[in-house]
2 protein chains.
Amino acid sequence: MPRQRGWWKRRLRGRGCRLTVPRQAILELLSKSSEHLSAEDIYFKVKKIYPAIGLTTVYRTLELLVNMGVVSKFDFGDGRARYELAANSEDEENHHHHLICTSCGKVINYTDFVNQEKELIEKTENKLATKYNFEINNHQIQFYGICPNCKK
Amino acid sequence: MPRQRGWWKRRLRGRGCRLTVPRQAILELLSKSSEHLSAEDIYFKVKKIYPAIGLTTVYRTLELLVNMGVVSKFDFGDGRARYELAANSEDEENHHHHLICTSCGKVINYTDFVNQEKELIEKTENKLATKYNFEINNHQIQFYGICPNCKK
DNA sequence: TTTGCTATTGAAAATCATTTTCATAAACAT
DNA sequence: ATGTTTATGAAAATGATTTTCAATAGCAAA
């Protein structure tokens, strides 16, 4: 089932964080976007509905949300971080991995095959957790290559 | 079988690149190190045996080696890139994935379970290549969590 | 509702890894 | 040995992200 609008309010408050307009605007945007956005992307998009927003606040909010596990941060190798709403257990729809073109930087989210990966990932996660005594709470899988356009 | 000393000479020359002292010093260092080093780490280590080295040259050489596929570049989320000698087909010993502590930044190379992953990775790689018409030539798998020290 | 405390904000300045510029030096083909 | 490039290193430039700091806005309590 998809997440309800405003589900993050409790989570923020639970952490003793305030429910501010900029934070809500950023979360609202992220939950509508299916793309991996840079901080600047988010800044400009939020600016359209809340012009007073500052880039600093975007960075700060993203850091907070990443720490809360609400947002995932990625590096696709072009020198700027990308952010997306994290998948959660109630809403698996959003879980995907990335396919990145090292020539033009294009990124494809693929959800195919993720189920087959899932079992192995879980096993590995458990084994690693035991062997290295880590508390594992996330993973990333990325494939790098050349996209159809750049092959031409 | 381990790679022979100086194996990179042909590869550089084959690309029309010159075999310079700084490049050799950097490669020599990388082939001795089992760790994931930042550009600055490499700079200081090489400086001990070749004091004239410049940080700029380190960056340039690393970029070249990454493009050649000799070195792999990683991002562990602390704002600086890490480099290690890439695994190659003759020498599988070096193939591993990463387990990263999001609290202190500690990184563990794990080679366990990589064989089991391998089959799945190859399958996925083929399927993705077909479906998205990508020419895939690399992948990264990273687990994130809290290390034993930071759990305390 | 009003008040007061404190977290949050935005602008500007600071930071820090990485790149670019440019004049000099070192490879290496001849 | 020589000449042509490619490669180098220092310094300056870049660009994403952080920090600083005074002003603002959430929200708990009255």
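Below, chains carry the letters A, B, ... as their sequence lines are ordered, and counting in each starts from 1.
Across all strands, A:Tyr50 comes closer than 4.0 Å only to sugar-phosphate atoms, never to a base (heavy-atom distances). When heavy atoms are screened at a 4.0 angstrom cut-off, B:Arg15 is found touching no nucleic acid atom at all. Here A:Thr56 lies in heavy-atom contact (under 4.0 Å) with a base. Within 4.0 Å (heavy atoms only), B:Arg23 reaches sugar-phosphate atoms of the nucleic acid but no base atom.
In this structure, CD1 of B:Ile42 is placed 14 Å from P of C:dA17, rounded to the nearest angstrom. Counting to the nearest Å, the P atom of D:dG15 and the CZ atom of A:Arg80 are 10 Å from each other. To the nearest angstrom, P of D:dT17 lies 14 Å from OH of A:Tyr43. Atom CD in B:Glu40 sits about 11 Å away from atom C1' in C:dT18, given to the nearest Å. Taking atom CG on B:Leu64 and atom P on C:dT19, their separation rounds to 13 Å, with Å as the unit. Rounded to whole Å, the distance from CD on A:Gln24 to C1' on D:dA25 is 13 Å. Put simply, CG on B:Leu55 is 14 Å from P on C:dT20, counting in whole angstrom units. Atom CG of B:Asn67 and atom P of C:dT19 are 11 Å apart (whole Å).
Under 4.0 angstrom from either OP1 or OP2 of D:dA7 there lies no side-chain N or O belonging to B:Thr57. For the pair B:Tyr59 and C:dT19, the criterion of a side-chain N or O lying under 4.0 Å from OP1 or OP2 is not met.
A donor-acceptor contact under 3.5 Å is not formed by the side chain of A:Arg13 with the base of D:dG26. Within 3.5 Å, a donor on the side chain of A:Arg18 pairs with an acceptor on the base of C:dT6, or the reverse.
Between the side chains of B:Glu117 and B:His97, at least one donor N or O lies within less than 3.5 Å of an accepting N or O.
With distances taken from any side-chain atom of A:Thr61 to the nucleotides C:dT9, D:dA7, C:dC28, the minimum falls on C:dT9.
Within a 6.0 Å sphere centred on NZ of B:Lys127, other residues, nucleotides and ligands contribute more than 12 heavy atoms.
Each of B:Tyr83 and B:Thr20 lies near DNA chain C, and the nucleotide nearest B:Tyr83 is the one positioned closer to the 5' end. Along DNA chain C, the nucleotide nearest B:Glu63 and the nucleotide nearest A:Cys17 are compared for position; the residue whose nucleotide lies closer to the 5' end is A:Cys17.
By the rule that hydrophobic residues join a cluster once side-chain heavy atoms approach within less than 4.5 Å of another member, B:Ile108 and B:Ile146 end up as members of separate clusters.
Between the side chain of A:Arg23 and the main chain of A:Arg18, a donor-acceptor pair closer than 3.5 Å is present. Remark: side-chain polar atoms of A:Thr61 are paired, donor with acceptor, to backbone N or O of A:Thr57 under 3.5 angstrom.
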